[in-house]
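No experiment lies behind these values; they were computed from the predicted model shown. As the structure lists them, so they are numbered: ligands from 1, and atoms in each ligand from 1.
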Amino acid sequence: MLTREDNEILTRTNPDTPLGEAMRRYWIPACLSSEIPEPDCPPVRVRLLGEDLIAFRDTSGRIGLLDEFCAHRRTSLWLGRNEECGLRCVYHGWKYDVDGNCVDMMNEPAESKLKDEVKLTAYPAIEMGQVVWAYMGPKDRMPEAPRFEWTQVPDTHRLVTKNRQECNWLQALEGGIDTAHAPILHRLITKDTDRVGIGADTELVNARPPTLEVDITDYGYRYVGLRDVPNDSTLVRTYHFIMPFHQIRPQQLRFRGGDWHNIIAGHMWVPTDDQNVMIYNWIYSFDEHPLVIGEEIERELGRGPGDLRPDYLSIRNKSNSWMIDRQVQKNETFTGIEGINTQDQAVQEAMGAVVDRSLEVLSTSDMAVVSARRLLLQAVRTVADGGDPPGVGTSYYGARAIDEIIPRDRKWRDVMLPKMYAEPRG
Ligand code: FES
Ligand SMILES: [Fe+2]
C-alpha cells in the first residue's frame, strides 16, 4: 500500500505537480509519426500530462508541438491551416512556425511590430522509431534521445500502435509490470476454444506462482519471474522497467507457417491527464527476420482493425462493460472479455479513474510494482532537490528482454544476463 499523500504524488502529472516536474525531464511520446504523415498535413490534437497541444509537420518536414490555443483570442489551432512553413489560425490569420514564433498577422497593419512580441509555448520534438517524442522540461536538462533498440531497427522490423485507456497512467503501468497476473487474467479454461489467451496446458499456466527478483539499475530495474517447470527446469522470464514509464518484455511468435521466433515487445504508458493514459505498444524483431504478422498480433490483443475507435479507445470499453460475455467466462476464458489487452484494460479501468492505494493489501508477487513506486518517488525527490532522475542516461539503449527454460541448478544471472544487453545501435 501507499500513503494517501504518496498516492497523490504518483498519480498527478499536470504542470507544477511534483511528478509532473520529474516526468518532464524525459522524452515523452506525443503521437505516432503516421498521425502527421507528410508535410503540410492536417494538425492533430495532443494532450500530454494535462497540457493541450497541437502537433503539425510543416512544409519542410519539421515537426511543431505548440500550445493548442492561439495567442490572440485563444481559439484552437486544430482548426488551423498548415501552409508555407507555419500553422495559421483561421480566426484572424495569425501564423506560427514550429518554434512557436508568430510570423504573420493578417489582421494587423504591415508595419505592426506586434508579432515580434508574440510567442506560443513550443516544445522540442524529435522523431524516432515511428514515434514523435516531446521534451517538456527545462532546456538545459534535456536528456539524450531515447534510443531504445526498438527505435533503431528498420521500419520493416517494428510495429508501433497506440490505444487509450480511461484510467490513471499508474494503474496501466502497474498492470504491465505485474507478471503474476498473466496466466490468471489471460487464461483459457478449456482446450476446446478458438479464443486467444494463455492455453490451459502451457508451462505458464501450470507452473506455480513465480518468484520475483528485482535488480535496481541506473535506468530503473530489470526483473525476472522464475517458475518451476517439469524436468528439473526453471522458466525464466526477464523484463526491464525503464523510468519513468517503459516496459520491455519477451514475446514468442510463430511467423506465418514457420518456426517460433523470439521477438521483443513493450509498452509506454504516457499520462494524457490524471484520468486518462495513452498506451504506446511496440514489438520488434531484433534479428534478420522482418516482422510480417504485426496486424494479426494486434487483432489477438484486441487492437486489430475495427477494434479501436478513431479516438484510440477500444470499442470494448468501460461504458459497455468491455462487452463481457458471461457464457464465455463460464466455458472458455477466465474473463469472458475478448482481446488480451482488453482484459488488462478492463481490470485497470474497473478500479476507477484513480485508485486509492492506501486501501490495498499487497502480496509477494507485487514486488516489481512496489519497486517501481519506490523509484518514482525517489525520482520526484531527486528532481525536487535539483538533481537528475534515473533513466536520463544511455545505459538502457541495448536493453533486451528474453525468456528461456534453464536447468534448475543454473543461476539465471549466469545464463541470461549477457543476453539482456546488446551493443547499442544507431
Ligand atoms: S484567435 Fe487566432 S488569430 Fe485571432
Ligand atoms: Fe496482462
Side-chain angles (χ1 to χ4, degrees), residues 43 52 54 56 64 66-83 86-97 100-109 112 114-115 117-121 163 165 167 170-188 195-199 202 204-205 209-210 212 223 225 237 239 241 247-252 265-267 269 277 279 281 283 297-298 300-303 314 316 322 333-351 365-366 368-369 372 401 403:
D52 288 312
I54 283 289
F56 70 106
L66 308 181
D67 183 349
E68 178 180 344
F69 302 102
C70 178
H72 178 218
R73 293 216 335 253
R74 310 288 296 163
T75 195
S76 172
L77 291 170
W78 179 81
L79 295 167
R81 298 177 58 86
N82 188 3
E83 56 178 35
L87 187 61
R88 194 184 286 279
C89 178
V90 290
Y91 201 173
H92 312 92
W94 291 21
K95 178 174 169 180
Y96 303 91
D97 68 12
N101 301 307
C102 185
V103 293
D104 191 37
M105 290 177 171
M106 289 169 76
N107 62 340
E108 276 287 287
S112 164
L114 179 60
K115 73 173 184 322
E117 294 162 27
V118 171
K119 193 168 162 74
L120 274 186
T121 297
N163 65 290
Q165 269 184 212
C167 68
L170 191 60
Q171 278 156 235
L173 167 81
E174 291 180 349
I177 57 177
D178 163 29
T179 184
H181 82 269
I184 304 169
L185 179 72
H186 307 309
R187 179 179 302 200
L188 300 176
R195 296 183 194 277
V196 178
I198 299 182
T202 56
L204 211 53
V205 166
L212 267 53
Y223 87 99
R237 282 179 66 78
Y239 303 76
F241 167 60
Q247 175 229 47
I248 304 181
R249 68 172 195 278
Q251 190 156 324
Q252 292 201 333
H267 301 280
W269 291 278
V277 54
I279 307 174
N281 316 287
I283 50 177
I297 303 169
E298 290 299 291
E300 295 191 348
L301 292 170
R303 297 190 301 255
S314 171
R316 302 174 192 88
W322 308 275
T333 71
F334 209 68
T335 56
I337 293 170
E338 196 76 26
I340 292 179
N341 270 171
T342 317
Q343 296 159 3
D344 292 309
Q345 178 192 345
V347 293
Q348 293 157 14
E349 290 179 340
M351 295 171 175
S365 80
D366 296 311
V369 169
D403 58 358

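- At least one N/O/S atom of D344, whether from backbone or side chain, sits less than 2.8 Å from the Fe ion (ligand 2).
- Under the 3.5 Å distance criterion, the side-chain polar atoms of Y239 are left unmatched by any main-chain donor or acceptor of G176.
- Of all heavy-atom pairs between G199 and T202, the closest is O-OG1, 2.8 Å.
- Nearest N/O/S atom of H92 with respect to atom 4 (Fe) of ligand 1 is recorded as ND1.
- Salt-bridge check for D67 with R74: passed, with a basic side-chain N closer than 4.0 Å to an acidic carboxylate O.
- Near G93, meaning under 4.0 Å from one of its heavy atoms, ligand 1 places the atoms 3 (S).
- Put simply, the angle at the Fe ion (ligand 2) from NE2 in H186 to NE2 in H181 is close to 100°, to the nearest 10°.
- Among D97, L77, N101, I54, the one residue that satisfies the side-chain contact (heavy atoms from CB on, under 4.5 Å) test with L120 is L77.
- The closest donor-acceptor contact from the side chain of Q165 to the backbone of V277 lies at 3.5 Å or more, if one exists at all.
- The atoms of ligand 1 that sit less than 4.0 Å from any heavy atom of C89 are 1 (S), 2 (Fe), 3 (S).
- Summary of contacts: the protein heavy atom closest to atom 1 (S) of ligand 1 is R73 N, 3.3 Å.
- Distance check for H72 against atom 2 (Fe) of ligand 1: none of its N/O/S atoms falls below 2.8 Å.
- Using a 4.5 Å heavy-atom threshold, the side chains of Y91 and R73 count as touching.
- For ligand 1 and W94, the ligand atoms under 4.0 Å from any heavy atom of the residue are 3 (S).
- Taking the six-membered ring where tryptophan is involved, the planes of H181 and H186 are perpendicular, since the angle between them exceeds 60° and thus also 30°.
- Atom numbering of ligand 1 starts at 1 in the shown order; those under 4.0 Å from a heavy atom of C70 are 1 (S), 2 (Fe), 3 (S).
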